[in-house]
Engineer: 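What follows is a single structure, and I will ask about it in a moment.
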Amino acid sequence: MNASRVRARLVALIGLTALLFSPPLVVIFDRPPEAGLSWLPLYLFAVWLLVIGLAAWLMERRWEDG
């Protein structure tokens, strides 16, 4: 994979990360439920895991194809 495609995909990942951690989307999961715990910690952990996984996949794929 050439460097421009990798750079474009990493920029797209940064944009996706900014969108997923933006306050309007985070507030949706921050609302208190009727009973039980808030979904916010689970959401933040899941998004963090997704971003780290995608970044690792992109970087590993870069070295395999080169």
Engineer: How would you list, by chain and number, every residue that makes a ring pair (Phe, Tyr, Trp, His ring centres under 6.0 Å) with W48, sequence neighbours excluded?
Structural biologist: F45
Engineer: Side-chain atoms of residues 12-29: list all donor-acceptor pairs with protein atoms under 3.5 Å, sequence neighbours left out, distances to 0.1 Å.
Structural biologist:
residue	atom	partner	partner atom	Å
T17	OG1	L13	O	2.8
S22	OG	L19	O	2.8

Engineer: Can you check whether L10 reaches L58 side chain to side chain, under 4.5 Å on heavy atoms?
Structural biologist: yes
